[in-house]
Amino acid sequence: MFSTAADRRVLDDRRGTRAMTWIMAIMLFLTVLAAALGLGTVNAADALDRQLAGRLTVQVVSADPAVRDRDTRAVLAALRGMPAVSRADPVDSARLTEMLRPWLGDASTDADVPLPSLIDVDLSVPSEEATARVAAGVRATAASARVDSQSRWLSPVADFMRTLIYAAAALVLLMAAATTAVVLLAARAGLETHRDTIAILHMLGSTDVQVARLFQRRIALDTMVGGVIGTLAAMLAIWAVTGQMAGLGSQLLSGGVLTRGDWVLLALLPLIFALVATLAARIAVLGRLRQVQ
Amino acid sequence: MANIVQFEDVGLRYPASDADTLSAINFTLASGGFYFLTGQSGAGKTSLLKLIYLAQRPTHGVIRLFGEDAGALPRKRLPGFRRRIGVVFQDFRLVPHLSAFDNIALPLRLSGVPESDVEAPVREMLAWVGLSERSDAPPPTLSGGEQQRIAIARAVIGRPEILVADEPTGNVDPDMAARLLHLFESLNRLGTTVVVATHDFHLLGRIQNAHMMRIEAGRLLDPTGALRNPPKAPVA
């Protein structure tokens, strides 16, 4: 078997342009960005789920302020008596008025505008059944009250995030497929470039596996070096974007910050791609060599 | 002595050709023998050697190599057989971007010899062919004669069971030719079967008990070995 140094000399490095290294750097840069988008979206979706799971809003809608106040107190008392409810607090009317100001303007403070009373409810154990039980209890207490699950409001957002996750996963798979295709082309081009050398090696008793190993090592090295460059560049870009996201003060975006495990996974991508490239090179070279005597 | 190579009614026709390059070739090479293969250019010497060193499969007939039917060998067994055969190619076939040292070391490295055991024999071979000072030189910077010596060193360094040399002295001066022939003779004494294709009739008388095979128009003349102890004068 060739030693590593002797191995590197057998395939003439000067004849290869080392373009492979830079192609792999670009592939890994894009792959890491796509993977980071997917992982970040998974984290944001999880954070959203944690925040919204088991949270309900009860609205008491009545044009008559006296009826509304009475029903609100009754519903609040009923909620606090339910074992499925861990917390039930009325939303401060001043805060509600402030929240509506962008839409209603000064009318939000007008006593003639019938704003509903809102009660924030946390369930002890979030479930569809618990939500249904609470809704039934609330309706039995006050006909003007209705229960909204917060997760239902944000289900289009959750759907969008799921689509983003699938798109990111598809991108990563596409990049892996493109990398494999690049490796196959590079291996075939390399075989053509080094055809004379390979013929000599065969005449001297080289096995196909020995020849394949020369290409495998070279392509693995190119992929690894290019991959590390691309991954580091992508990680720097992600780190910069993450910093900007934190500055936006959005709960949803800050939930998408990558965890330490995510960073480790991203850092492993060049290694995974190098393994894929090595395998692809081996299959390509052995397949092509079997066709020659 | 056992037969190491046996040709039985062997013929060869290249795909692009409409005539046989070799036909009805029958001969045996005894293990440990020294053989000269002579003939005019185009007679089929190189084609015959290619069949011996497994660069070519016969169109018909049977070639037995080391006791096995070489034509029926599966592809995966060819490397093992080729490692038992040292070849000096007519066009040297050195790897142009490797140094003289690395070219000579190739058979050892392919055979899995540890790197620590590669340097000494390669240096010894370089000294033997008088190219110690050129060990780092790539072949394109060497003269034809120097390249030929590197090719010979590469062919013999693995102590092959058969050494096949195609015009091995074509590019060297008479002194170096004699020295290289002496190297072949030394290897032969150690048990290597040597087959040398040559135009140089001066070489033929230099090896005691060498056998001579002559090929003309793709047919082997006197395969019985009657031309043993070759004539002093060129055969017309």
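Every chain is numbered from 1, with letters handed out A, B, ... down the list of sequences.
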Task: Ion pair check, Arg75(B) and Asp208(A), cut-off under 4.0 Å - done: yes
Task: Contact summary for Ser206(A) and Pro79(B), nearest pair of heavy atoms - done: O-CG, 3.6 Å
TODO: Can you tell which part of Arg84(B) gets under 4.5 Å to a heavy atom of chain A, answering side chain, backbone, both or neither?
DONE: neither
Task: Residue pair Ile200(A) / Arg154(B), side-chain heavy-atom distance below 4.5 Å - done: yes
Open item on the list: If you define the side chain from C-beta out and look only at heavy atoms, does anything of His97(B) sit under 4.5 Å from Thr197(A)?
Closed with: yes
Open item on the list: Does Tyr14(B) have more than 12 heavy atoms from other residues, nucleotides or ligands lying within 6.0 Å of its OH?
Closed with: yes
Task: Smallest separation among heavy atoms of Gly205(A) and Arg82(B), with atom names - done: CA-CB, 3.9 Å
- [ ] Can you tell which part of Phe89(B) gets under 4.5 Å to a heavy atom of chain A, answering side chain, backbone, both or neither?
- [x] side chain
Task: Close side-chain approach of Gln210(A) and Leu110(B), heavy atoms under 4.5 Å - done: yes
- [ ] Give, for atom CG of Leu78(B) and atom NE2 of His202(A), the distance between the pair rounded to the nearest 0.5 Å.
- [x] 9.0 Å
Task: Over all atoms of both residues, closest heavy-atom pair of Leu204(A) and Arg83(B) - done: O-CG, 3.9 Å
Task: Region of Leu94(B) that comes under 4.5 Å of a non-hydrogen atom in chain A - done: backbone
